[in-house]
Protein chains: 2
Amino acid sequence: MKISTRFSDSIHILAFINIYQGIIPLTSSNIASSIETSPVVVRRLMSALNKAGLINTVHGAADPVLAKSPESISLYDVFLAIEGDAHLFTIDERTNPQCIVGGNIQETLNGFYQQAEIAAKAKLARISLQDVIDTIRVKQAIKDAEKERRN
Amino acid sequence: MKISTRFSDSIHILAFINIYQGIIPLTSSNIASSIETSPVVVRRLMSALNKAGLINTVHGAADPVLAKSPESISLYDVFLAIEGDAHLFTIDERTNPQCIVGGNIQETLNGFYQQAEIAAKAKLARISLQDVIDTIRVKQAIKDAEKERRN
DNA sequence: GTGATTGTAATTTATGTAGTTACATGATGT
DNA sequence: ACATCATGTAACTACATAAATTACAATCAC
C-alpha cells in the first residue's frame, strides 16, 4: 500500500504557511486552492498538524503559524503526525498456522520489513521543511529566469 | 498508499515452494491453503514470478521450481516482479501551477521521496529469500522445542 | 482420453481515501 | 452586540484499488 496523498498535502500546507505568511491570508480555502483540493481536507490535516505540535492554529481564526522553525521540522515529523505508525508494507493478518510457512511468515516478514521502513524513515528524518522550501524557491527562481530570458 | 499484500504473498509462495518441494504437491490450491487465499490469486502471482524469471512454471503442470538459488533471489527482486515501479509515497497529480508552492512541490517531493524509497529498496535488495527461509525455520524450531519441553 | 492443473479474463465484493455537506464553535471588525 | 468569516468535526457520498470469485480455454500427466 502506498502512503496516501495526505502526507504530501501536509508538507504542502507547511511550506505554504511559511512562504505565504504575511502575503495572503492563510485560510483553509486559500491553501486548498494551491493544493487543488477542498478546504475541509486542508482543515482536517491542519487539525492533525496542530495536535502534533507542528503548527499553531486557533479555532475560528485564520493564519496558522509554524510552531517550530522549518529547520527543525523533518519530513518524518510530518509523517508521524499524519500517518502515525502506518506501515509502508502490508502483511496478511491470517495465514495457516498449521503450515511451517504460514505459521511463521508474518513475524518473519515483519522483522525484515521493519529494516526497510526504518531506512526510509531515517532518510525522511534527515530532510527538513527548510530543505523543501529551499528547493521550491530554487525551482521557482529557475522558472522566473527562464521567463525573463525569453523577454 | 501502502504496498498491497501481493508482495508478502509472493514471498510466501517462494518460501513455500522451497520448503515443501518434494513433500507435498505444489499446486496453486495447496499454496493457497497456506496463505489462506484463493488459488486464482496464487496463480496470478506465480504467473508474474514466472515472467520475471524467479520461478519456472509449466502451463497445466504442478510443482513449479525456483529458477535461481534462494541466496540469489532478493526481496527487491520479488518487489520488482510484482510491484514494478510502484512508488511507496504518493504525490498529487494536479496542484495549482500559478502558486509558488503548487507549481514546484511535485518535482520537489519527488526528489526527496526517491531518496527514502531508494534507502528502503536497498535494504530489500540485501535480504535474500534464503534469509527468509532460514528465519522461518528457526522460528519453527523454537516452537517445536517449546512443544517438546511441555511434554 | 480423462481428469487435474495452469493461465487469464470478467465480475463482484470489500476496503480505504478523497470529496462534499452540514453545522457547532470561536474569532474579527464595525 | 451583531454580522461575518474561519476553524473543527461528524456524517455521508463518490471513487479508486485490490482481493475474491466465477468461468473457461489451454496444457499436462497418467
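The chains referred to below are lettered A, B, ... by the order of the sequence lines, with proteins before strands, and numbering in each begins at 1. Basis for what follows: all heavy atoms, side chains included, without hydrogens, waters or symmetry-related copies.
Nearer the 5' end of DNA chain D, as judged by each residue's closest nucleotide, is the contact made by A:Ala62, out of A:Ala62 and A:Ser47. Both A:Arg44 and B:Gly60 lie close to DNA chain C; mapped to their nearest nucleotides by heavy-atom distance, the more 5′-ward contact belongs to B:Gly60. The residue among A:Val40 and A:Val58 whose nearest nucleotide of DNA chain C is located toward the 5' end is A:Val40.
What separates CD1 of A:Ile24 from P of D:dC5 is a distance of 18 Å, to the nearest Å. The distance between atom CD1 of B:Ile82 and atom P of D:dA19, rounded to the nearest whole Å, is 11 Å. When the P atom of D:dG8 is taken as reference, atom CD1 of A:Ile31 falls 11 Å away, rounded to whole Å. In this entry the distance linking CZ of B:Arg43 with P of D:dT27 reads 16 Å, nearest Å. One atom, CG of A:Leu45, and another, C1' of D:dA6, lie 17 Å apart when rounded to the nearest Å. For the pair B:Ile55 CD1 and C:dT6 P, the computed distance is 10 Å after rounding to whole Å. Between A:Glu93 atom CD and C:dG16 atom P the separation is 9 Å, expressed in whole Å. We find that CG of A:Leu49 is positioned 13 Å from P of D:dT9, with the value rounded to whole Å.
The side chain of A:His59 lies closest to C:dT25, out of C:dT25, C:dT5, C:dT21. Comparing C:dT28, C:dT6, D:dT7 by their closest approach to the side chain of A:Ala61 singles out C:dT28.
Neither OP1 nor OP2 of C:dT6 sits under 4.0 Å from any side-chain N or O of B:Lys51. Residue B:Ser38 places none of its side-chain N or O atoms closer than 4.0 Å to OP1 or OP2 of D:dA19. At the phosphate of C:dA18, OP1 or OP2 sits under 4.0 Å from a side-chain N or O atom of A:Ser4.
Ring orientation note: the planes of A:Phe7 and B:Phe89 are tilted relative to one another, at an angle of 30° to 60°.
Using a 4.0 Å heavy-atom distance criterion, B:Ser29 is classed as making no nucleic acid contact. Note on A:Thr27: only backbone sugar-phosphate atoms sit closer than 4.0 angstrom, heavy atoms only; bases stay farther off.
Counting only N and O atoms by type, the side chains of A:His12 and B:Thr95 include no donor and acceptor under 3.5 Å apart. No donor-acceptor contact under 3.5 angstrom links the side chains of A:Thr5 and A:Ser8, judged on distance only. A donor-acceptor contact closer than 3.5 angstrom is absent between the side chains of A:Gln106 and A:Asn110.
Closest of all the heavy-atom pairs between B:Lys139 and A:Asn104 is CB-OD1, 3.4 Å.
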